[in-house]
Every structure is written in C-alpha cells, then in structure tokens.
Amino acid sequence: MTTTARQTDAIVLGAGIVGVSIALHLQERGRTVLLVDRREPGAETSHGNAGLIERASVVPYAFPRSLATLFAFAFNRSIAVRYRPATLLRMAPWLARYWWNSAPGRLDRLGQAILPLIERCLDEHRHWTKAAGTEALMRDEGWIELYRSRHGLQQAVKAAEDLAAYRLAYDVLDEAALQAREPGLLPGIVAGALHWRDPATVSDPGAVTRAYAALFAARGGELRRADATGLQQDDTGWRLSAGAEDWRAPEAVVALGPWSNDLCDRLGYRFPLGFKRGYHMHYAAADDTVPRHPLCDVEAGFVITPMARGIRLTTGIELAARDAPSDPWQLDRAEAIARRIMPLGQRLEAEPWRGARPCLPDMLPIIGPAPRHNGLWLAFGHAHHGFTLGPATGRLLAEMMTGQAPFCDPAPFAAARFA
C-alpha cells in the first residue's frame with residue numbers, strides 16, 4: 001500500500017473536549033492541525049459527565065479532612081466514594097500526596113492557581129456556541145444541591161457564605177421554595193437546597209464536543225482516526241501514521257485524558273495519574289416528571305440531570321484501576337435513593353456507561369511543554385472538570401505554543417513539578 005506523506009504544524013492526540021479545544025484554538029491562531037483519536041470525537045470521558053460547566057467550583061475537590069467522613073468511607077459502604085481494596089493499596093502513595101495537598105493553606109494556593117481557568121470557562125465555551133450550533137444544547141439556569149437535613153443545609157449555607165469574595169450567585173431554598181423550583185421532587189424527603197446560579201449546563205456533552213470538532217473540520221482542520229501511541233520523534237519533529245497517510249509536524253500535543261500515560265510512559269515520563277471512575281445510566285421520565293435543573297444529592301454523591309437521551313444519573317467516585325471490570329454497586333444504590341427523591345421510569349440502556357476521570361494528586365492539570373522533548377506539549381489530568389475547563393485549557397496552551405502572552409500564569413500547571 002502506498003503511503004502519502006502529509007505535513008502540518010501540529011498533531012493533537014485525543015479528540016475529547018480538551019484536545020478538540022486545543023485544535024480549535026491553534027487553528028484560530030493560524031496553525032494547521034491534525035486532530036486524531038481512535039474513536040469519534042467526544043466518545044470517551046467527555047461523553048459521560050453530568051453536563052456541568054462549573055463556574056462556581058472555585059475550590060478544588062479536596063481529600064476529606066474530617067475524621068468522621070474518613071471513618072465512614074473506611075467501611076466502603078458509601079455511595080459517594082467507593083474503592084477496590086487492592087487498588088487502594090496500590091494508590092496509597094498517590095492518596096497520601098492528595099491528602100497532603102488538601103490541607104487548608106495548600107488547598108487555597110492551588111485554588112487560586114486554577115481560578116483563572118474557572119473564571120474563563122463559560123466565556124471560552126460560548127466563544128464557539130453560535131458557530132458550532134450548540135446554543136440549543138446549553139442552559140443557563142445553574143444547578144441545585146439537595147440537603148436532606150436542616151443541619152446539612154445550614155452547613156452548606158455557611159460554606160457558601162465563606163466564598164463571598166468570589167461573588168458567586170446562589171439562592172438558599174427551603175422545602176417550599178425548592179418544591180416551587182422543582183415541582184417533580186417527591187415531598188417530605190429534602191429539607192432544602194442551594195441553587196448555584198453561575199454555572200451553565202448542557203443536555204449532551206458528547207454532542208457539544210462533536211459539534212466543536214465538526215467546526216474544526218469545517219474550518220479546514222484535518223480529523224483522522226489513528227492510534228495515538230504510534231507517535232514517533234525523529235530529526236524533523238514528530239510523525240504519526242493515520243491509515244495510508246504519514247503525518248509529520250514540528251509539534252505534537254498529548255491530550256489523551258486517562259490514556260495519556262500510555263504514551264508518556266513510553267517517552268520516559270512517570271506522571272502520577274490516578275483515576276476516579278464514574279458511571280451513568282439514562283432513565284425514561286415517569287409521569288412526565290423531568291428535573292428542570294441538574295440535582296446533586298450531596299450526601300449520596302450522585303447527580304440527576306435532564307439530558308437529550310433521558311434523565312441521566314451520574315455516580316460519584318470509584319477508586320479502581322482504569323480498565324477494571326465494572327461494578328454496579330454504586331449505581332444500583334444511587335438509583336434506589338434517586339427514586340425516593342424523584343420518579344424515574346425504566347432504564348434506557350442495557351449496561352451502565354463507565355468512564356475514568358484522570359486526576360493528579362495536587363488537583364491541577366498538566367498544561368504546558370514536556371520537560372525533555374522539544375515540540376511536545378501536554379494537556380491532561382483535569383479530574384472532575386475536563387468538560388468545564390477544556391476550552392480554557394485550549395486557549396492557554398495555544399497561546400503558549402504560538403508565543404502569545406498567556407491569559408494566566410501557566411507555571412502551576414507545568415509538567416516539571418512532577419520531575
């Protein structure tokens with residue numbers, strides 16, 4: 001078979017929300033780009049989340065410091081956080097670093113580092129909404145945290161008040177006000193709620209990612225299916241085979257989400273990437289009852305979201321190996337609680353979707369140049385906020401790659417911090 005040689009300015013590996021966003025931002029800065037993935041864009045981690053563009057998440061998801069919370073998790077009966085014992089032993093050094101970084105002073109510094117990305121998240125998504133045709137998929141009504149006890153609600157209100165410096169908009173809802181805002185909730189179960197008003201939500205995050213990729217292609221970008229781990233470096237830069245084409249570029253970007261270490265390990269890097277797995281299932285509406293907003297049961301750690309496919313129930317955290325077999329325990333128990341909060345119809349899929357959130361122990365992604373390879377750039381490890389921060393990450397990395405002044409300090413995201 002004859003191989004065709006192709007040249008481009010950059011090869012972006014991974015067509016999730018982060019990789020697609022990097023490709024689009026590079027394209028807007030005059031670079032030619034090849035975007036590759038083994039599947040269609042947005043088919044992996046970018047597809048399975050709760051659809052939140054989480055502008056209000058100004059504090060990173062920290063390791064619990066409360067002894068009572070840790071004691072409860074130790075029995076491994078929590079829906080919010082579940083673990084495989086063997087995996088927990090292997091992850092012990094990673095978890096220790098995560099716990100250390102979650103101390104109040106360090107957590108505050110890490111939160112300040114990522115805050116510029118959080119502050120830009122909505123604007124960077126909206127930068128493409130009209131051109132990509134995703135306006136109908138986006139809602140601006142925020143999301144709601146549910147509390148089953150008045151004490152839990154009071155604690156949440158105090159925590160929200162402590163964020164006053166960030167000027168986030170929220171409403172405190174008693175049971176009656178919550179029922180008016182979400183009439184489909186079953187009465188007598190939830191004591192109250194916080195309605196965070198700043199975040200936006202989408203009804204199909206995978207479709208949004210595919211629409212951004214289609215915009216990239218419509219503007220002349222090259223989109224191919226290929227095995228990203230086949231990337232090779234030679235004297236002229238980077239090369240990758242995609243079908244019958246041999247692509248070459250002076251620069252390449254690793255944006256492979258939970259698979260990023262599959263390539264980085266081969267190149268000699270040892271990044272401490274851990275995985276917080278999660279599941280989702282779609283349900284038909286019962287009695288024409290559909291939530292008007294995403295609803296988070298804080299105690300049980302799941303989210304019910306109105307989606308194009310149906311009502312999506314998204315679980316909390318499972319600490320397990322990335323490719324370990326699925327375990328239905330969390331989803332089954334979350335569903336039982338969800339049915340006591342809101343009527344749900346039948347399941348719409350035969351099996352739950354499963355994905356792995358790629359997490360680093362300091363709760364910050366890697367965004368920037370690879371320490372020992374010229375022309376290699378890295379963008380992964382966004383944990384719970386990949387869909388939220390994808391477009392902002394794309395802008396920051398594209399500015400760095402094209403020599404523009406970055407809109408925020410990229411130093412906290414440097415890969416060299418794990419050298």
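Counting from 1, the numbers follow the sequence of the chain as shown. Quick note: numbers below take in every heavy atom, side chains included, and nothing from hydrogens, waters or symmetry partners.
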Among residues at least two apart in sequence or on other chains, which ones pass ring pair (Phe, Tyr, Trp, His ring centres under 6.0 Å) with Tyr147?
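Partners of Tyr147 by the ring pair (Phe, Tyr, Trp, His ring centres under 6.0 Å) criterion come out as none, since no residue qualifies.
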
State whether the side chain of [X] and the backbone N or O of [Y] hold a donor-acceptor pair below 3.5 Å, judged by distance alone.
X	Y	answer
Arg82	Asn76	yes
Ser102	Phe63	yes
Ser149	Gly152	yes
Asp174	Ala177	yes
Glu182	Pro291	no
Ser46	Gly206	no
Arg309	Leu348	yes
Arg239	Asp234	no

With [X] via side-chain hydrogen bond (donor to acceptor under 3.5 Å, both in side chains) - residues at least two apart:
X	answer
Arg339	Glu335
His125	Tyr212
Glu54	Trp143

Measure the acute angle between the ring planes of [X] and [Y], then classify it against the limits of 30° and 60° as parallel, tilted or perpendicular.
X	Y	answer
Trp128	His25	tilted
Phe71	Phe75	perpendicular
His293	His195	perpendicular

Run the side-chain contact (heavy atoms from CB on, under 4.5 Å) test on Trp259 and Leu13 for me, step by step, so that the C-alpha distance in whole Å, both residues' side-chain angles and the decisive distance to 0.1 Å come before the verdict.
CA-CA 10 Å; Trp259 295 276; Leu13 308 169; over 6 Å; no

Any non-hydrogen side-chain atom of [X] less than 4.5 Å from a side-chain atom of [Y]?
X	Y	value
Leu52	Thr305	no
Val33	Phe216	yes
Arg84	Arg90	no
Trp329	Glu318	no
Ile79	Thr315	no
Leu295	Ile341	no
Arg55	Ile118	yes
Glu222	Thr8	no

Would you say [X] has more than 12 foreign heavy atoms packed within less than 6.0 Å of its [atom1]?
X	atom1	value
Glu351	CD	no
Leu89	CG	yes
Trp99	CH2	no

In terms of side-chain geometry, is the basic nitrogen of [X] or [Y] positioned less than 4.0 Å from the acidic oxygen of its partner?
X	Y	result
Asp235	Arg248	no
Glu44	Arg38	yes
Arg126	Asp140	yes

Once you round to the nearest 0.5 Å, how far does [atom1] of [X] lie from [atom2] of [Y]?
X	Y	atom1	atom2	answer
Ile17	Ile53	CD1	CD1	8.5 Å
His282	Thr314	NE2	OG1	7.5 Å
Asp262	Leu273	CG	CG	9.5 Å

For [X] and [Y], work out which heavy atoms get closest and say how close.
X	Y	result
Ile311	Thr289	CD1-O, 3.7 Å
Ala379	Thr393	CB-CG2, 4.2 Å
Ser241	Asp246	OG-OD1, 4.0 Å

side-chain contact (heavy atoms from CB on, under 4.5 Å) between Arg6 and Arg224, worked out
CA-CA 12 Å; Arg6 300 289 301 273; Arg224 298 286 190 278; 3.7 Å; yes

Sequence-distant partners of Pro205, side-chain contact (heavy atoms from CB on, under 4.5 Å), two or more places apart:
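Result, side-chain contact (heavy atoms from CB on, under 4.5 Å) vs Pro205: Asn49, Val202, Met307, Arg312, Phe387.
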
Passing option when Asp362 is tested against Arg109, Arg97, Arg417, Arg106 for side chain to side chain donor-acceptor pair (under 3.5 Å)
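For Asp362, the side chain to side chain donor-acceptor pair (under 3.5 Å) test succeeds with only one of Arg109, Arg97, Arg417, Arg106, which is Arg417.
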
Tell me which donor-acceptor pairs under 3.5 Å the side chains of residues 164-171 have, and how far apart each pair is, sequence neighbours excluded?
| from | atom 1 | to | atom 2 | distance (Å) |
| --- | --- | --- | --- | --- |
| Tyr166 | OH | Gln112 | NE2 | 3.0 |
| Asp171 | OD2 | Arg181 | NH1 | 2.8 |
| Asp171 | OD2 | Arg197 | NH1 | 2.6 |

